[in-house]
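First up is the structure itself, then whatever we jot down about it.
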Amino acid sequence: MDTAIPTASPRRSIPEDIAAVLREEILDGVQAAGEPLRQGHLAGRFGTSQAPIREALRLLEAQRLVVSAPNRGARVAPLDAAEAAELGELRRSLEPELAARAARNAGAVDAAAARAAVAAMLVARDPAALMMANSRFHDAIYRAAGRPITLELVHGLRARFERHLRLMWRRTGHAALSNDEHAEILRLVLAGADEAVRSTMQLHVERSTAAILSALGASGAS
């Protein structure tokens, strides 16, 4: 089926528009791990030449969503349990400290944005909306930590584990537990309970990582 792409805006080129469509499909599992991404087929689908398709695939490869090999072409990157476990360990080393520092500076926390994000997570209808609200929640808290370099690292990790999180939310019932944990994290941060929120955030990351690994096992990922 043909997929219409918008005329390139001043902010995005045609390859970037194509990459954005394919990125969402990969993150949502529409394009499955290991599935070939044939340039000719994609060119026909998007109504363009193969040159923008090649550039779009390069952009996705840079995001580690696509892999390519000589004589085999491009494929959707596999979901790797070892990578998910390592990402979980890195999150556990960074995010609890950001939450604890935010609790020590509770007056700078954007409580309204955090509460709105929790409410949005409760009514989210798909993993993309859930991920967006989840990101808004954590950023509303972490910005108060006053650690911009650490926050930048966390944003990079979030981009890497978004695909894992979406898979987990599709395959498990973890979202409800996660929402309860978010409400408790916000309560502790606003109360200035730095050590309590550090422990709670550690548990939050550990549970999320365990649910991701469970979902990866169910999906047959490597």
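Basis for what follows: all heavy atoms, side chains included, without hydrogens, waters or symmetry-related copies. Owing to the predicted nature of the structure, the values given are computational and were not obtained by experimental measurement.
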**OP:** Look at the side-chain heavy atoms of Ile, Leu, Val, Met, Phe, Trp and Tyr, link any pair under 4.5 Å apart, and say whether L190 and L98 land in one connected group.
**Re:** yes

Subject >> Close side-chain approach of E55 to S13, heavy-atom, < 4.5 Å >> reply: no

Subject >> Spacing of CD1 belonging to I14 relative to CZ belonging to F46, to within rounding of 0.5 Å >> reply: 11.5 Å

**OP:** Output yes when a side-chain donor or acceptor of D194 lies under 3.5 Å from a complementary backbone atom of A103, and no otherwise.
**Re:** no

Original post:
Hey, is the main chain of A113 close enough, under 3.5 Å, to the side chain of R136 for a donor-acceptor pair?
Top reply: no

Subject >> Residue pair L213 / A84: nearest heavy atoms and the distance that separates them >> reply: CD2-CB, 4.0 Å

Original post:
Quick check: does any side chain N or O of R75 sit under 3.5 Å from a backbone N or O of V67, one acting as donor and the other as acceptor?
Top reply: no

**OP:** Determine, stepwise, if the pair R198 / E195 fulfils salt bridge (charged side-chain N to carboxylate O under 4.0 Å, His left out).
**Re:** CA-CA 5 Å; R198 186 197 304 276; E195 290 306 317; 3.2 Å; yes

Original post:
Can you name the nearest heavy-atom pair linking V66 to L37, along with the distance?
Top reply: CG2-CD1, 3.6 Å

**OP:** Decide yes or no on side chain to side chain contact (heavy atoms under 4.5 Å, CB included) for E181 and E184, but give the supporting numbers first.
**Re:** CA-CA 5 Å; E181 291 172 354; E184 178 65 3; 5.7 Å; no

**OP:** Nearest 0.5 Å please: distance from the CG atom of L65 over to the CD atom of E25.
**Re:** 12.0 Å

**OP:** First locate atom CZ of R207, then atom OG of S178, and finally report the distance between them rounded to the nearest 0.5 Å.
**Re:** 10.5 Å

Original post:
So do the side chains of I26 and Q63 get within less than 4.5 Å of each other, counting heavy atoms only?
Top reply: no

Original post:
Near R38 CZ, under 6.0 Å, is it more than 12 heavy atoms from other residues, nucleotides or ligands?
Top reply: no

Original post:
Any sub-3.5 Å donor-acceptor pair from T209's side-chain atoms to V205's backbone N or O?
Top reply: yes

Original post:
With the threshold set at 4.0 Å, does a side-chain nitrogen-carboxylate oxygen contact exist between E162 and R166?
Top reply: yes

Original post:
Which heavy-atom pair separates M201 from Y142 by the least distance, and what is that distance?
Top reply: CE-OH, 3.4 Å

Original post:
Closest approach of L216 and H164, non-hydrogen atoms and distance?
Top reply: CD1-CD2, 3.9 Å

Original post:
Counting only heavy atoms not in R58, do more than 12 fall under 6.0 Å of its CZ?
Top reply: yes

Original post:
Stepwise, does the side chain to side chain contact (heavy atoms under 4.5 Å, CB included) test hold for E95 with H204?
Top reply: CA-CA 10 Å; E95 295 191 46; H204 178 66; 5.9 Å; no

**OP:** Mind telling me whether H182 and F137 have parallel, tilted or perpendicular rings, with 30° and 60° as the class edges?
**Re:** tilted

Original post:
So, S214 side chain and A210 main chain: donor-acceptor pair closer than 3.5 Å or not?
Top reply: no

Subject >> Heavy-atom side-chain proximity of I53 to I18 below 4.5 angstrom >> reply: yes

Original post:
Distance-only, no hydrogens or angles: does the D28 side chain make a donor-acceptor pair with backbone N or O of V30 under 3.5 Å?
Top reply: no

**OP:** Could you tell me which non-hydrogen atom of A77 sits nearest to which non-hydrogen atom of R64, and how far apart they are?
**Re:** CB-O, 3.5 Å

Original post:
Atom CG of L87 and atom CZ of R92: how far apart are they, to the nearest 0.5 Å?
Top reply: 15.5 Å

Original post:
Do L22 and L59 sit in the same hydrophobic cluster, where Ile, Leu, Val, Met, Phe, Trp and Tyr count as joined when their side-chain heavy atoms come under 4.5 Å apart?
Top reply: no

Subject >> CZ on R163 to CZ on R23, rounded to 0.5 Å >> reply: 11.0 Å

Original post:
Regarding E61 and S68, is there a side-chain donor-to-acceptor distance under 3.5 Å anywhere?
Top reply: yes

Subject >> Candidate pair D139 and L151, rule side chain to side chain contact (heavy atoms under 4.5 Å, CB included), full reasoning >> reply: CA-CA 8 Å; D139 283 349; L151 184 55; 4.0 Å; yes

Original post:
Would a hydrophobic clustering, with Ile, Leu, Val, Met, Phe, Trp and Tyr connected at side-chain separations under 4.5 Å, put L157 with I185?
Top reply: yes

Original post:
With hydrophobic residues grouped by side-chain heavy-atom distances under 4.5 Å, do L203 and V189 end up in a single group?
Top reply: no

**OP:** Taking the side chain as every heavy atom from C-beta outward, state whether V118 and N179 have any atom pair closer than 4.5 Å.
**Re:** no

Original post:
What's the shortest heavy-atom distance between A114 and L186, and which atoms?
Top reply: CB-CD1, 3.7 Å

Original post:
Can you hop from L153 to I141 via hydrophobic side chains spaced under 4.5 Å?
Top reply: yes

Subject >> Step-by-step side chain to side chain contact (heavy atoms under 4.5 Å, CB included) determination, N134 to W169 >> reply: CA-CA 12 Å; N134 179 73; W169 283 327; 4.1 Å; yes

Subject >> Sub-4.5 Å side-chain heavy-atom contact between Q39 and L42 >> reply: no

Original post:
Does atom CD of E86 have more than 12 heavy-atom neighbours, drawn from other residues, nucleotides or ligands, at distances under 6.0 Å?
Top reply: no

